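The sequence lines fix the lettering, A, B, ..., with proteins before strands; numbering per chain opens at 1. As the structure is a computational prediction, the values presented were derived from the model and not from experiment.
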Protein chains: 2
Amino acid sequence: MRRDIFQAIADPTRRAIIALIAVQAMTPNAIAEHFDTTRQAVSKHLKILSECDLIKQEQQGREIYYLLEIEKMKEIDKWLEQFRKIWETRFEQLDQLLATLKKNK
Amino acid sequence: MRRDIFQAIADPTRRAIIALIAVQAMTPNAIAEHFDTTRQAVSKHLKILSECDLIKQEQQGREIYYLLEIEKMKEIDKWLEQFRKIWETRFEQLDQLLATLKKNK
DNA sequence: ATTTTGCGAAACCAATTGGTTGCGCGTATA
DNA sequence: TATACGCGCAACCAATTGGTTTCGCAAAAT
């Protein structure tokens, strides 16, 4: 199936995982210990996150550490850009309205 | 079921709908005409978007116009904030690294 | 060499999803 | 009043989801 970042962050557990490994790379087991779920379930989430390149793995002895591809997160920011323009425009309009009201008083 | 904005924007059709009505409020039929889907399917998407307060409706004669609650979009931006801090820090670190390399040359 | 451990893949289940079709209600238009 | 249209709801289907349990593999520890 087609996966993208927005699918990936739709799940609260995955958002938590992202926030977790953003601070420090971790193994699937370590991640699972932070939530009330099993290692396999975490593994499934990690797979989804991997599929859309939001995380990458790093071998360390016999353990595999997962870490966040922070660059990929910027794509969400990029998508938000179009709306940021809108709400900034609205703010300016509100600002102008207030200025006009003040002037006419 | 529990719904949130991240669930809402997970679907590409819904993101398209959001972008569409961000520019101009529209009726379900008008929205459906922009995509290769039926009015009922659009209606379902609108329901989901409504459930998490991303859009609101406005009666206009016998038609109902849907418009974006741009303020709600800021919540995504708010969530991104924690990661923005990270990538800005990394950028600074890269900047410092480059400066050090230059200095040592 | 044997045991233990961590890991991912596969099979399976219950719940949710997007989509369709069909129905009934309310509002304009004739 | 009668007709046509736009809308949302309910029922249904195929596909996907998150979760569990089970299994086999490979690396470390004994």
Side-chain angles (χ1 to χ4, degrees), chain A residues 1-21 24-69 72 76 79, chain B residues 1-21 24-69 72 76 79:
Chain A
M1 189 224 163
R2 237 198 145 294
R3 294 226 203 255
D4 61 19
I5 332 173
F6 296 97
Q7 274 261 349
I9 64 166
D11 184 90
T13 305
R14 279 200 290 274
R15 284 202 300 281
I17 291 177
I18 291 174
L20 205 59
I21 64 174
Q24 187 181 16
M26 300 178 85
T27 65
N29 257 345
I31 296 171
E33 283 168 10
H34 277 81
F35 309 104
D36 188 24
T37 183
T38 62
R39 178 174 55 76
Q40 285 81 353
V42 168
S43 192
K44 221 170 188 178
H45 284 304
L46 290 176
K47 190 180 178 184
I48 292 174
L49 292 173
S50 288
E51 278 175 16
C52 55
D53 299 318
L54 252 175
I55 61 174
K56 62 176 175 184
Q57 10 186 324
E58 220 161 66
Q59 194 82 30
Q60 199 118 130
R62 70 164 169 170
E63 293 176 339
I64 297 176
Y65 282 84
Y66 287 86
L67 44 115
L68 187 63
E69 284 278 16
K72 199 72 182 177
I76 304 166
W79 179 73
Chain B
M1 190 226 163
R2 237 200 146 295
R3 295 230 202 252
D4 61 19
I5 331 173
F6 296 97
Q7 273 262 351
I9 62 166
D11 185 271
T13 305
R14 278 200 291 273
R15 284 202 299 281
I17 291 177
I18 290 174
L20 205 58
I21 65 173
Q24 186 183 17
M26 299 178 85
T27 64
N29 257 344
I31 297 171
E33 283 167 9
H34 278 79
F35 309 104
D36 188 23
T37 182
T38 62
R39 178 174 54 75
Q40 286 81 352
V42 168
S43 192
K44 222 171 188 178
H45 284 304
L46 290 176
K47 190 180 179 184
I48 292 174
L49 292 174
S50 287
E51 277 176 16
C52 55
D53 300 318
L54 253 175
I55 61 173
K56 63 177 174 184
Q57 13 186 321
E58 220 162 65
Q59 194 83 28
Q60 199 117 130
R62 69 164 169 173
E63 291 177 340
I64 297 177
Y65 282 84
Y66 287 86
L67 44 115
L68 186 64
E69 283 277 17
K72 199 73 182 176
I76 304 167
W79 179 74

Notebook entry, point to check: Just how far, in rounded Å, is P of dC9(D) from CD1 of I48(B)?
Noted result: 13 Å
Check: Is D53(B) close to K72(B) at the side-chain level, that is, under 4.5 Å between some pair of heavy atoms?
Finding: yes
Note to self: With a sphere of 6.0 Å drawn around CD of Q59(B), does it hold more than 12 non-hydrogen atoms of other residues, nucleotides or ligands?
What the structure shows: yes
Margin query: Using a 4.0 Å heavy-atom cut-off, does L46(A) contact any base of the nucleic acid, only the sugar-phosphate backbone, or nothing at all?
Written below: nothing
Note to self: For I9(A) and W79(B): C-alpha separation, side-chain torsions, deciding distance, then whether side-chain contact (heavy atoms from CB on, under 4.5 Å) applies.
What the structure shows: CA-CA 11 Å; I9(A) 64 166; W79(B) 179 74; 4.0 Å; yes
Check: When you check every protein heavy atom under 4.0 Å of nucleotides 19-30 of chain C, what one-letter string (B, S, -) results, 5' to 3'?
Finding: BSBB----BS--
Next item on the list: Calculate the interatomic distance between I17(B) atom CD1 and dG18(C) atom P; express it in whole Å.
Entry: 11 Å
Next item on the list: Give the rounded distance in Å between these two atoms: CE of M26(A) and C1' of dG6(C).
Entry: 15 Å
Notebook entry, point to check: Do D4(A) and C52(A) come close enough that some side-chain heavy atom pair is under 4.5 Å?
Noted result: no
Next item on the list: Measure from NZ on K47(B) to P on dG8(D) and round the result to the nearest Å.
Entry: 11 Å
Note to self: Heavy atoms from C-beta onward define the side chain here; which of dT17(D), dG18(D), dC7(C) lies closest to that of T27(A)?
What the structure shows: dC7(C)
Checklist line | Between P of dG6(D) and CD of Q60(B), the distance in whole Å | finding: 16 Å
Notebook entry, point to check: What is the distance, rounded to the nearest whole Å, between atom CG of L49(B) and atom P of dG18(C)?
Noted result: 10 Å
Notebook entry, point to check: Can a side chain N or O of S43(B) be found less than 4.0 Å away from OP1 or OP2 on dG8(D)?
Noted result: yes
Note to self: Output the rounded distance in Å from CD (E51(B)) to C1' (dC9(D)).
What the structure shows: 14 Å
Item checked: Non-hydrogen atoms of L68(B) and I21(B) that approach each other most closely -> N-CD1, 3.8 Å
Notebook entry, point to check: Just how far, in rounded Å, is C1' of dC5(D) from CD of E63(B)?
Noted result: 10 Å
Item checked: Any Y66(B) side-chain heavy atom under 4.5 Å of I17(B) side chain -> no
What side-chain donor-acceptor pairs closer than 3.5 Å can you find for residues 27-48 of chain B, not counting sequence neighbours?
unit_1 : atom_1 : unit_2 : atom_2 : d
T27(B) : OG1    : A30(B) : N      : 3.3
H34(B) : ND1    : A30(B) : O      : 3.0
T38(B) : OG1    : A41(B) : N      : 3.4
H45(B) : ND1    : R14(B) : NH1    : 3.1

Next item on the list: Look at all strands and tell whether Y66(B) reaches a base, only sugar-phosphate, or nothing, counting heavy atoms closer than 4.0 Å.
Entry: sugar-phosphate
